[in-house]
Chemist: 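The structure is given below, and queries will be raised subsequently.
Everything numeric in this text was worked out from a predicted model, so none of it was measured.
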Amino acid sequence: MPITRLEDIVERIQKDHPEADVDLVRRAYIFSAKVHQGQTRMSGEPYLDHPLEVANILAELKLDSATVAAGLLHDTLEDTPTTAEQIKEIFGPEVAMLVEGMTKISRIELKGREEREAENFRKMIVAMANDIRVILIKLADRLHNMRTLKHLPLEKQKHIAQETLDIYSPLANRLGIARIKTELEDLALMYLHPEAYEEISRKVSKRRAERDSYINELIEIVQRHLAEHGFKGEVTGRPKHFFSIYQKMQKQGISFEDVYDLIAIRIMTDTKVNCYAILGLIHSLWTPVPGRFKDFIGVPKSNMYQSLHTTVIGPKGERVEFQLRTEDMHRIAEEGIAAHWQYKERSTVSQRDMQQFSWLRQILEWQRDLSDAREFMESVKGDLFPDVVYVFTPHGDVKELPLGSTPVDFAYSVHTDIGHQCVGAKVNSKIVQLKYQLQNGDRIEVISQTGHVPSRDWLKFVKTSKARTRIKAWLKAEERRRSILLGRELLEKDLRKHELSPAKTMKSEGLIAVAQEMSHNTLDDLLAAIGYGKVSAHQVANKLAPEKTPLEHVTKKTVKKPLPSHGAGMNISGMDQMLIHLSKCCNPVPGDRVVGFITRGRGVSVHTADCTNVAELSVDQERLVDVTWGDLRSTSHAVKIAVLVEDKPGMLGSVSSAISAAEANITHAEATVSEDRRGQLNFTLDIRDVEHLNRIIKSIEKLNGVASVSRVKAG
């Protein structure tokens, strides 16, 4: 690939924006060259090549000079001593804002790579919602990184390629930038599935001459008939890009030879009416394939994409996809939001644009509601899904929802209150279950009831981020409300034991002071903490009347030491004297990564971090606590293992001997034989910790005739 020159970029900007401030771009180039001097990329090339190529991609998208300048400067804050103040002083607040929006958060110390990536993603998305040009720079940055990915280690190649497929190509699709979306997908395929990519590339190349001849034949036929009927139209042909071929092979479970519609013919005409007229002409020439016609002109995609799509049985029985659009539609299809994002000084996004990109507004709402960065990342990724269904409101308005959406998702897309109060739905005038998956063309009518509230079970089937976020927010608020009521009840009870008046004490300055002393801003925060079990009501009452002794403590029963819980010896972050028990759903043992959940009246239940129940419990973030294993060397823990063996004499004895040799006690054993003559041995063992368990498993795995050994995490 030829190296881009600065003057090439300048010429392109001047062609698209004659009044552009190209001096700003030249100054940004000189500054970037100076601060990146001496730095090189993994390929050995000067680092400056990267921001130059990013700027070139942005210029190709016809973006303004401020965006191109920010592309040249996008890595200066992270990789050089340059400060945001310097950028602002030299290049102005607009460029500085774009560069800061692009700056990664790698300088912030976070717990692990997953959390760091999720938080970085959150910052990028929020910056994008404030100014779309940030994500356009980010997409250009990712595109050039993907073009030069071969210079990185294999593991990093796969990680970046997968992230590109999960986040960046769907983002490009959502923004309607087809040229970036398709290249990102093909490059990601090259690194994630190199054998499949090579096979498709080889077979496409092998048939290139034959395919080019066929495309030219089709173009000639179409052009001749357009002229005969007096239609204006530019006809072009192209093969499908590699990733779309790969997707079709995977989804349909077919080989390359069975993928028929490898060719797409595009017809650009002058008016919307002619798009439909030419469609009729195409259908008169060749037989359309049933179910393969899509009208994205009448019902545009949410990213503003408009075209008519139809697949026909063309000459020689080949399936051919036709796309019909106007020149304006084509420009938006290729460049998306960048095609009409005309920035002038202090200009703002038009109301029309914001309506068509309403999902950008929702992003800011989600990030306010979701405190966990990883949960936010998953929510946004879910909403970027390209597969959608188009449904109708009772008034005939079209709504676009992710594939698999339900009436509950539809209700929340209309209004949060309608979602909360949804008790049923009619689809095409028939009552359906709330978990019914909507189909294209369905007409939805929500049945609501004042006073109805969301159900936690809805989280099991809703598809949209908005529905999931709103349901979780309501559940969280309701949980807090209940905790405040419970906390008030518990505190008032303890205040009476200390012979204090609950009515007076609850309004006293002293209680507010105690709340603040215990790091709670308001009385409700303190009461909620008591209700959650994070703060002891007895401890609060003692601070208000330390000289008083609660009446219940004068009996001799209180001098007895409490019995140790099943989780004795464990430590809970920020809490003392809490009852702890190990959850039976996952049977955690010392050495497992664990998390605690504050239950109602049963203290803290401890789960393994990968327990399936933890995902549901995580809705109530305030009740999750950090738990660590204490000194449990003198205790034993029950754990179950399953051993799959060949059905031959002596296997039960051999496995039992291996367990005994590893110094573990067998408390229960059972054996079954399947129809295919495989033996299943189930043991319950007393072990010390995970290390002890791993040693036992390795001992069993060494035995001749053992197929597999696994830990069983179930009650």
Chemist: Contact between Met97 and Arg133 at the side-chain level, heavy atoms closer than 4.5 Å - yes or no?
Modeler: yes
Chemist: Compare all side-chain heavy atoms of Phe683 with those of Glu670 and state whether any distance is below 4.5 angstrom.
Modeler: no
Chemist: Throw together a table of side-chain donor-acceptor distances under 3.5 angstrom for residues 424-437, partners on residues two or more places apart or in other chains.
Modeler:
unit_1 : atom_1 : unit_2 : atom_2 : d
Asn428 : OD1    : Arg443 : N      : 2.9
Asn428 : ND2    : Asp442 : OD1    : 3.1
Tyr436 : OH     : Asp442 : OD2    : 2.9

Chemist: Could you check if a side-chain atom of Ser501 sits within less than 4.5 angstrom of a side-chain atom of Leu495, using non-hydrogen atoms only?
Modeler: no
Chemist: Measure from the side-chain N and O atoms of Asp494 to the backbone N and O of Leu491, and report whether any donor-acceptor pair falls under 3.5 Å.
Modeler: no
Chemist: Please evaluate residues Arg695 and Arg688 with respect to the criterion side chain to side chain contact (heavy atoms under 4.5 Å, CB included), reporting the C-alpha separation (whole Å), side-chain torsions for both, the decisive distance (0.1 Å), and the verdict.
Modeler: CA-CA 11 Å; Arg695 195 161 69 249; Arg688 292 187 294 276; 3.1 Å; yes
Chemist: Report yes if some heavy atom in the side chain of Asn587 is under 4.5 Å from a heavy atom in the side chain of Leu582; otherwise report no.
Modeler: no
Chemist: Please report the closest heavy-atom contact between Val391 and Phe410, naming both atoms and the distance.
Modeler: CG2-CD1, 4.0 Å
Chemist: Heavy-atom distance under 4.5 Å between the side chains of Glu489 and Leu485, does that happen here?
Modeler: no
Chemist: Taking the side chain as every heavy atom from C-beta outward, state whether His637 and Leu693 have any pair of such atoms under 4.5 Å apart.
Modeler: no
Chemist: Of all heavy-atom pairs between His607 and Ser583, which one has the smallest distance, and what is that distance?
Modeler: CE1-OG, 3.2 Å
Chemist: Which heavy atom of Ala664 sits nearest to which heavy atom of Ile696, and what is that distance?
Modeler: CB-CD1, 3.4 Å
Chemist: Looking at every non-hydrogen atom in both residues, tell me the closest pair between Ile471 and Pro454 and how far apart they are.
Modeler: CG2-CB, 4.4 Å
Chemist: State whether the side chain of Arg488 and the backbone N or O of Leu527 hold a donor-acceptor pair below 3.5 Å, judged by distance alone.
Modeler: no
Chemist: Which heavy atom in Arg711 sits nearest to a heavy atom in Pro588, and how many Å separate them?
Modeler: NH2-CA, 3.9 Å
Chemist: Keeping Thr667 on the side-chain end and Thr684 on the backbone end, is there a donor-acceptor pair under 3.5 Å?
Modeler: yes
Chemist: First locate atom NZ of Lys543, then atom NE2 of His538, and finally report the distance between them rounded to the nearest 0.5 Å.
Modeler: 11.5 Å
Chemist: May I ask you to say whether Arg470 pairs ionically with Asp417, meaning some side-chain N is under 4.0 Å from a carboxylate O?
Modeler: no
Chemist: Decide, yes or no, whether a salt bridge links Arg482 with Glu478 under the criterion of side-chain N to carboxylate O below 4.0 Å.
Modeler: yes
Chemist: Is the closest basic N to carboxylate O distance between Arg142 and Glu163 below 4.0 Å?
Modeler: yes
Chemist: To the closest 0.5 Å, what do you measure between OG1 (Thr522) and CD (Gln516)?
Modeler: 9.5 Å
Chemist: Side chain of Asp592, backbone of Thr608: donor and acceptor closer than 3.5 Å?
Modeler: no
Chemist: Walk me through it: do Asp525 and Arg480 pass the test side chain to side chain contact (heavy atoms under 4.5 Å, CB included)?
Modeler: CA-CA 9 Å; Asp525 289 344; Arg480 176 177 166 83; 2.7 Å; yes
Chemist: Quick one: closest heavy-atom pair of Asn682 and Ala642, and the distance?
Modeler: OD1-CB, 3.6 Å
Chemist: Do side-chain atoms of Lys463 reach the backbone of Asp409 as a donor and acceptor pair under 3.5 angstrom?
Modeler: no
Chemist: Under the side chain to side chain contact (heavy atoms under 4.5 Å, CB included) criterion, do Trp474 and Thr416 qualify, and how do the steps go?
Modeler: CA-CA 10 Å; Trp474 187 91; Thr416 298; over 6 Å; no
Chemist: So, taking the atom named CG in Leu526 and the one named CE in Met518, what distance separates them when rounded to the nearest 0.5 Å?
Modeler: 6.5 Å
Chemist: Determine whether Ile444 and Lys399 make a side-chain contact, defined as any pair of heavy atoms from C-beta on separated by less than 4.5 Å.
Modeler: no
Chemist: Rounded to the nearest 0.5 Å, what's the gap from OG1 on Thr464 to CG on Leu401? Could you check?
Modeler: 7.0 Å
Chemist: How long is the straight-line distance from CD of Glu445 back to CZ of Phe392, given to the nearest 0.5 Å?
Modeler: 16.0 Å
Chemist: List the steps, then state whether side chain to side chain contact (heavy atoms under 4.5 Å, CB included) holds for His692 with Val589.
Modeler: CA-CA 10 Å; His692 187 198; Val589 297; over 6 Å; no
Chemist: Are the side chains of Val446 and Val414 in touch, meaning some heavy atoms are under 4.5 Å apart?
Modeler: no
Chemist: Give, for atom CG of Leu98 and atom CD1 of Ile137, the distance between the pair rounded to the nearest 0.5 Å.
Modeler: 4.5 Å
